[in-house]
Amino acid sequence: MDEVLKFTMEITQSSNLNRWKWTLVFCLLTAVIIGNYLCRTVVLSVRVPSILIVISIALLVAWRTSQGRRLVCFVKEAKIEAQRVIWPKRQVTARFTFAIVLMTMVAALVLWGVDTVLVLMISYLTGLRG
């Protein structure tokens with residue numbers, strides 16, 4: 001029972017710490033936006049590095065949260081999975097692309113034809129010829 005209580009307290013402390021970290025990230029990014037607006041007369045070669053430094057600090061703080069670590073882990077796993085994929089050859093991709101473009105054009109022509117017939121029918125029925 002004592003271990004469960006200890007584990008629960010660790011999660012609560014971690015959760016509170018994460019909230020403070022996300023609040024800091026939000027404040028840093030808000031400061032970047034407001035600072036960039038207020039200092040728009042400052043030379044761009046001074047503003048850009050300052051902005052990049054503050055954004056880097058915000059990303060570092062976000063990375064140190066549990067959600068940030070999970071995101072980094074997800075990106076690494078996605079990269080590994082993308083390397084495992086057997087990608088189609090260039091000729092196969094070109095053939096499929098051509099087929100898709102051709103079918104899209106056929107569908108567009110069919111819809112244009114149906115639209116034209118419906119407009120003609122409605123104009124004939126209502127007596128409004130344009």
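Source: prediction; values computed, not measured. This chain uses plain numbering: 1 for the first residue, then up along the sequence.
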Rounded to the nearest 0.5 Å, what separates atom [atom1] in [X] from atom [atom2] in [Y]?
X	Y	atom1	atom2	result
Ile51	Cys39	CD1	SG	9.0 Å
Trp20	Cys27	CH2	SG	9.5 Å
Met121	Thr126	CE	OG1	11.5 Å
Leu28	Ile53	CG	CD1	12.5 Å
Leu111	Thr116	CG	OG1	10.5 Å
Leu120	Leu125	CG	CG	11.0 Å

Shared hydrophobic cluster, [X] / [Y] (ILVMFWY, side-chain heavy atoms < 4.5 Å):
X	Y	answer
Leu109	Val101	no
Leu59	Leu17	no
Val25	Ile57	yes
Val54	Leu60	no

Should Phe96 and Thr93 count as side-chain neighbours, where that means a heavy-atom distance under 4.5 Å?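 Of all side-chain heavy-atom pairs linking Thr93 with Phe96, none is under 4.5 Å.
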
Any heavy-atom pair between the side chains of Phe26 and Thr30 that's under 4.5 Å?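 The answer is yes, as the side chains (C-beta and beyond) meet within the 4.5 Å cut-off.
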
Acceptor/donor pairs from residues 69-83 side chains to any protein atom, 3.5 angstrom cut, sequence neighbours excluded:
| residue | atom | partner | partner atom | Å |
| --- | --- | --- | --- | --- |
| Arg69 | NH2 | Arg64 | O | 2.7 |
| Glu81 | OE2 | Arg84 | NH1 | 2.9 |

Any donor-acceptor pair under 3.5 Å linking the side-chain atoms of Asn18 with those of Ser66?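 There is such a pair between these side chains.
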
Does anything in residues 32-51 pair up under side chain to side chain donor-acceptor pair (under 3.5 Å), and if so which pairs, sequence neighbours excluded?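 Of all non-adjacent pairs touching residues 32-51, those that pass side chain to side chain donor-acceptor pair (under 3.5 Å) are Asn36-Arg47.
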
